[in-house]
Engineer: 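Below are the structure tokens for one structure; questions will follow.
Scope of the values below: all heavy atoms of this structure, side chains included, with no hydrogens, waters or symmetry mates. It should be emphasised that the depicted structure is a prediction, and the values quoted were computed from it without experimental measurement. In what follows, chains carry the letters A, B, and so on, assigned in the order in which the sequence lines appear, proteins first and then strands, with residues in each chain numbered from 1.
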Amino acid sequence: MIAMSDVYDKIMDLAKRRGFIWPTSECYGSVAGFIDYGPLGSMMKRRIENVWRKFYVVREGYYEIECPTIGQEDIFIASGHVKGFSDKMCQCPHCREYLRADHVAEAHDIHNASSMSAEKLAEVLCALCCPACEEELGPVEVFNFNLMFQTAIGPGSQRTGYLRPETAQGMFTDFQRLLRFYRDKLPFGAVQIGKSYRNEISPRQGMIRLREFTQAEAEIFVHPAEKNHPAFPRYADYRVPLLGIQQQEDCTEPLFVSMRDAVQQGIVANEYVAYYLALTHDLLAAIGVRPDKMRFRQHLPDERAHYAEDCWDAEVFSERFGWVETVGIADRTDYDIKAHERQSGQSFAVFIQYDTPQKVNRVRVTPDMGALGPKFRGKAKAIADALCECIPGPEGATVTIDGEEIFIPPELYKVREETVDVPGEEVTPHVIEPSYGIDRMIYAVLEHSYDEEMVDDEERKVLRLTPAVAPIQVAVFPLMNRDGLPEIALDIAEKIRIAGLVADYDDSGAIGRRYRRQDEIGTPFAITVDYDTKEDHTVTLRDRDSMQQARVPAEGIDALVRSLVEGTRMFQEL
RNA sequence: GCAUCGAUGGUCUAGUGGCAUGACUUAGGCCUUCCAAGCCUAUAGCCCGGGUUCAAUUCCCGGUCGAUGCACCA
């Protein structure tokens, strides 16, 4: 193994040269925080997204939706992004440093700075010194820097729109439609894979902090009192490294426990969260993130959103960036749904029918409108409504209308005690949210797959991508570019393409060079047509990782490669 | 955003106030019977804008991108 000191540089160099990732619009000089996926990168990204779909859409049955990347202001008022997704900042007039206004104040022992208004903060800051240049700040303007990209919808008197900072809101705003789609039953889930946007102040770290990035998010709506995942046994014995609050406080190694134990011991809040911790571990491993470079870190109480019951980040270790948050898994309770109910004025409740209707005794007041009407005239309706809500005493009932207490004698209404059937109840669902950063997953896979080794005194660069995510699954070569070999090879490549795989045909240069080209872009298998092929209709099949070759019949090679790519057969068994 | 440093074909690199090196890669050809062999040929470059100068890739200023530190990271 060769020293991987600057593995990031090597990967980004490879990614640029071979068409995985490019700086965006290079002819105009690029923009930080934006990247282009080249031909191989796009294919790899699509394949990673498809692995994700296999887990969430196919297996979990949470169907995918697709919402606009631009949303109207109400959405983000409800979500809290308009107000909360911004920082109060100011600029030092002396050194022109941008400062977090509340942080400066708090550094000078001024409490509650984060809850102060901009005006109040400016007042407080006036007498304080800049932490950068130590000059007195004096009168400064405190302004909000919102991390959302703002835009205008339509011409003329325009409505404000924002580029979404997360895909999640689409699942919330479509909640009522989704509920009907799933025929009014909990639990159900919906997912979305798409672009999100955050106007980061200073994006660095290449593709780790982007201003436009791809998220894959699932919102799973569950009954608030039923947080046991129906398929929990699937992962009950699955073990993942958990860096809980306790381990972080004690600075100890992650616990390696089964999901069953994690829930029983109260490390993880409930089965749902635990289930998606395990599923995430499973999924990341399936795309090629190394299990020994993965851990799940629980949010500490002060970094967790106040409404979140439990929150974990899947972190992936990078030689360059250390532990990188790649997936967030949170129990967001009913916060989002309640917020959209308030903002939209609509009910997002779910009516849950009981197995058998419950018998409930209750007192029912029936106002005698024939008597109330003539007596109270305009107030009669309000009094009648109030009577229905109150519990009358033996002497009569007292209701309050517009602050005025009115006594209603018993002869103006009837009281009946009755037993009614209550068929069910309305609940506000809780939301379990696994949220994946696709771009970071891609980077992690590239970094964990990159390898160098010496072969015959030459450095061999190889991306050990799992076949499930490799952009090109098989290469087909004629050993010589003559004697009818290219025709046979082209024919094989065509058959493989018909079988649904991406095959790269290459007849240029020495055979070893062609193998190396494919090694560098992670193509797991290569087929070479040689002179024996003409005699006995066999070809060599070469395995990228071992560089071993097997002689196999040309007939059926398409099905064989397909099963190798799908993992139903292994090369070593050939 | 601030400070420091950097930017030469796709990649790595030499060098310069006056015709810009070499290697690798790539493409075409010759050769070649399984892991970057060899030979011939070709393509391709001084980050962008302004200034100084007869002349700027080179010097100066501004910007972009990248690295590092600070700040920021719901």
Side-chain angles (χ1 to χ4, degrees), chain A residues 6 8-10 12-14 16-19 22-35 38 76 79-92 94-104 107 114 130-133 145-148 165-166 168 196 198-206 208-211 299 303-306 308 320 324-325 328 453 455-462 475 477-483 485 508-520 526-534 539-544 546-549 551:
Chain A
D6 244 9
Y8 172 82
D9 291 334
K10 291 178 176 183
M12 294 319 280
D13 170 56
L14 189 158
K16 266 187 246 177
R17 271 190 298 111
R18 301 307 306 272
W22 293 326
T24 193
S25 56
E26 263 186 303
C27 66
Y28 292 111
S30 313
V31 189
F34 296 94
I35 56 166
F76 303 111
S79 70
H81 286 100
V82 168
K83 210 169 161 223
F85 202 54
S86 62
D87 298 321
K88 289 196 179 67
M89 298 189 73
C90 65
Q91 191 179 20
C92 171
H94 312 287
C95 66
R96 315 202 50 80
E97 180 89 333
Y98 280 93
L99 306 161
R100 272 286 292 268
D102 50 341
H103 287 192
V104 176
S114 54
C130 169
C133 68
F145 180 79
N146 195 292
L147 262 45
M148 283 193 295
E166 59 177 21
S196 295
R198 295 174 192 186
N199 200 2
E200 299 285 354
I201 296 166
S202 168
R204 296 243 199 113
Q205 307 166 305
I208 299 294
R209 273 235 346 266
L210 294 171
R211 289 182 165 131
H299 278 205
E303 66 181 311
R304 192 170 65 205
H306 62 90
R320 178 56 168 263
V324 178
E325 305 168 25
E453 59 183 13
V455 177
D456 298 332
D457 291 329
E458 286 229 54
E459 186 184 76
R460 173 177 179 250
K461 290 179 173 155
V462 49
F477 309 139
L479 183 62
M480 291 296 141
N481 195 9
R482 60 177 190 220
D483 303 326
L485 300 185
S508 155
I511 190 76
R513 176 185 296 278
R514 285 180 266 167
Y515 284 136
R516 291 292 182 278
R517 282 191 196 123
Q518 297 298 333
D519 288 340
E520 200 179 27
I527 294 164
T528 301
V529 171
D530 59 17
Y531 286 91
D532 290 347
T533 309
K534 293 170 77 171
V539 293
T540 58
L541 179 63
R542 179 226 192 218
D543 175 57
R544 175 198 65 206
S546 62
M547 293 204 292
Q548 284 175 352
Q549 295 183 325
R551 192 105 210 151

Engineer: From CG of Leu14(A) over to C1' of C24(B), roughly how many Å is that when rounded to an integer?
Structural biologist: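 To the nearest whole Å, that distance equals 15 Å.
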Engineer: Would Asp519(A) and Arg513(A) satisfy salt bridge (charged side-chain N to carboxylate O under 4.0 Å, His left out), going step by step from the backbone distance to the final call?
Structural biologist: CA-CA 10 Å; Asp519(A) 288 340; Arg513(A) 176 185 296 278; over 6 Å; no
Engineer: Could you state the CZ-C1' distance from Arg460(A) to C35(B), rounded to the nearest angstrom?
Structural biologist: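 After rounding, the gap between these two atoms is 9 Å.
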Engineer: With P as the reference atom in both, quote the distance from G1(B) to U11(B) in angstrom, rounded to an integer.
Structural biologist: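 The same atom, P, in both gives a distance of 26 Å.
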Engineer: Is the backbone of Ala32(A) close enough, under 3.5 Å, to the side chain of Arg211(A) for a donor and an acceptor to pair up by distance?
Structural biologist: yes
Engineer: Stepwise, does the side chain to side chain contact (heavy atoms under 4.5 Å, CB included) test hold for Glu453(A) with Lys461(A)?
Structural biologist: CA-CA 7 Å; Glu453(A) 59 183 13; Lys461(A) 290 179 173 155; over 6 Å; no
Engineer: Ignoring hydrogens and geometry beyond distance, is the side chain of Arg542(A) in donor-acceptor contact with the base of C35(B) at under 3.5 Å?
Structural biologist: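 Between C35(B) and Arg542(A), which were checked side chain against base, a qualifying N/O pair under 3.5 Å is present.
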Engineer: Nearest-Å distance, OH (Tyr531(A)) to C1' (U33(B))?
Structural biologist: 6 Å
Engineer: For Glu26(A), which contact category applies under a 4.0 Å heavy-atom criterion: base, sugar-phosphate, or nothing?
Structural biologist: nothing
Engineer: Nearest-Å distance, CE (Met480(A)) to P (C34(B))?
Structural biologist: 7 Å
Engineer: Measure from the side-chain N and O atoms of Lys534(A) to the backbone N and O of Asp483(A), and report whether any donor-acceptor pair falls under 3.5 Å.
Structural biologist: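 Checked: pair present.
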Engineer: What's touching nucleotides 62-64 of chain B from the protein side, N or O pairs under 3.5 Å?
Structural biologist:
unit_1 : atom_1 : unit_2   : atom_2 : d
U64(B) : O2'    : Gly29(A) : O      : 2.6

Engineer: If we call it a pair only when both distances are under 3.5 Å in a Watson-Crick or G-U wobble match, what pairs with G38(B)?
Structural biologist: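 Partner of G38(B): C30(B).
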Engineer: Is it the case that the side chain of Arg460(A) and the backbone of Glu520(A) share a donor-acceptor pair, with hydrogens and angles ignored and the cut-off at 3.5 Å?
Structural biologist: no
Engineer: U33(B), OP1 or OP2 - any side-chain N/O from Arg482(A) closer than 4.0 Å?
Structural biologist: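 For Arg482(A), the contact criterion (side-chain N or O under 4.0 Å from OP1 or OP2 of U33(B)) is met.
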Engineer: Quick one: is Arg320(A) getting a side-chain N or O under 4.0 Å of the U68(B) phosphate, OP1 or OP2?
Structural biologist: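 Indeed, a polar side-chain atom of Arg320(A) lies that close.
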Engineer: Expressed in whole Å, how much space separates the P atoms belonging to U43(B) and U21(B)?
Structural biologist: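 That atom pair is separated by 14 Å.
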Engineer: Yes or no on side chain to side chain contact (heavy atoms under 4.5 Å, CB included) for Tyr531(A) and Leu485(A), after CA distance, side-chain angles and deciding distance?
Structural biologist: CA-CA 8 Å; Tyr531(A) 286 91; Leu485(A) 300 185; 4.0 Å; yes
Engineer: Taking the C1' atom in each of U4(B) and A71(B), what is the distance between them to the nearest angstrom?
Structural biologist: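 Taking atom C1' in both U4(B) and A71(B), they lie 16 Å apart.
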Engineer: Please state whether the phosphate of A37(B), meaning OP1 or OP2, lies under 4.0 angstrom from any side-chain nitrogen or oxygen of Arg513(A).
Structural biologist: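 It does, given that an N or O in the side chain of Arg513(A) lies less than 4.0 Å from OP1 or OP2 of A37(B).
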Engineer: Are Asp13(A) and Arg18(A) ion-paired here, with the side-chain N under 4.0 Å from a carboxylate O?
Structural biologist: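 Salt bridge: no.
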Engineer: Report yes or no: does Trp22(A) contribute a side-chain atom to a donor-acceptor pair with the main-chain N or O of Gly38(A) at less than 3.5 Å?
Structural biologist: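 Pair absent, no side-chain N/O of Trp22(A) close to backbone of Gly38(A).
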Engineer: Can you tell me how far P in G17(B) sits from the matching atom in A36(B), rounded to whole Å?
Structural biologist: 43 Å
Engineer: Please report the distance separating the P of U8(B) from the corresponding atom of U13(B), rounded so that it comes out in whole Å.
Structural biologist: 8 Å
Engineer: Write down the partner of C59(B) under the Watson-Crick or G-U wobble criteria, each distance required to be under 3.5 Å.
Structural biologist: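 With both distances under 3.5 Å, C59(B) matches G51(B).
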Engineer: Taking the same atom, C1', in C72(B) and in U52(B), what whole-Å distance lies between them?
Structural biologist: 39 Å
Engineer: With rounding to whole Å, what would you report as the distance between G9(B) and G51(B) at their C1' atoms?
Structural biologist: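 Roughly 28 Å separates the two C1' atoms.
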Engineer: Determine whether Leu479(A) and Val529(A) make a side-chain contact, defined as any pair of heavy atoms from C-beta on separated by less than 4.5 Å.
Structural biologist: no
Engineer: Under a 3.5 Å distance rule, please check whether Arg514(A) uses its side chain to pair with a backbone N or O of Gly509(A) as donor and acceptor.
Structural biologist: yes
Engineer: Could you state the atom-to-atom distance from CD of Glu458(A) to C1' of C34(B) in whole Å?
Structural biologist: 16 Å
Engineer: For C12(B) and A67(B), measure between their P atoms and round to the nearest Å.
Structural biologist: 14 Å
Engineer: Is there a Watson-Crick or G-U wobble partner for A20(B) with both distances under 3.5 Å, and which nucleotide is it?
Structural biologist: none
Engineer: What nucleotide, of U26(B), A36(B), U33(B), holds the atom closest to the side chain of Leu479(A)?
Structural biologist: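 For Leu479(A), the side-chain atoms sit closest to U33(B).
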Engineer: In Watson-Crick or G-U wobble terms, both distances under 3.5 Å, what is the partner of C5(B)?
Structural biologist: G66(B)
Engineer: Which label fits C59(B), syn or anti, where anti is any glycosidic angle not within 90° of 0?
Structural biologist: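 Anti, since the glycosidic angle lies more than 90° from 0.
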Engineer: Summarise protein proximity over nucleotides 6-13 of chain B in one line of letters, 5' to 3': B for base, S for sugar-phosphate only, - for none, counting protein heavy atoms closer than 4.0 Å.
Structural biologist: ----SS--
Engineer: Please tell me which of Gly509(A) and Met547(A) maps to the more 5' nucleotide of RNA chain B, matching each residue to the nucleotide holding its nearest heavy atom.
Structural biologist: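 Upstream on the strand: Gly509(A).
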Engineer: Using whole Å, what does the distance between atom C1' of nucleotide A36(B) and atom CD of Glu453(A) come to?
Structural biologist: 14 Å
Engineer: How long is the line joining CZ of Arg211(A) and C1' of C65(B), in whole Å?
Structural biologist: 12 Å
Engineer: Hey, does Arg209(A) reach any base, or is it just sugar-phosphate, or nothing, if we go heavy atoms under 4.0 Å?
Structural biologist: base
Engineer: Searching all strands shown, indicate the nucleotide that pairs with G45(B) (Watson-Crick or G-U wobble; both distances under 3.5 Å).
Structural biologist: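 Across any shown strand, G45(B) pairs with none.
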Engineer: Apply the test side chain to side chain contact (heavy atoms under 4.5 Å, CB included) to residues Ile35(A) and Leu210(A): give CA-CA distance (whole Å), side-chain angles for both, the deciding distance (0.1 Å), then the verdict.
Structural biologist: CA-CA 8 Å; Ile35(A) 56 166; Leu210(A) 294 171; 4.0 Å; yes
Engineer: Paired with A14(B): which nucleotide, if any, by Watson-Crick or G-U wobble criteria at under 3.5 Å for both distances?
Structural biologist: none
Engineer: Measure from the side-chain N and O atoms of Asp9(A) to the backbone N and O of Met12(A), and report whether any donor-acceptor pair falls under 3.5 Å.
Structural biologist: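 The answer is no, because no donor-acceptor pair under 3.5 Å joins these two groups.
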Engineer: Just the rounded figure in Å: distance from C1' of A36(B) to CD of Glu520(A).
Structural biologist: 10 Å
Engineer: With nearest nucleotides of RNA chain B determined for Val539(A) and Asp9(A) from heavy-atom distances, which residue corresponds to the more 5′ nucleotide?
Structural biologist: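 Nearest nucleotide further toward 5': that of Val539(A).
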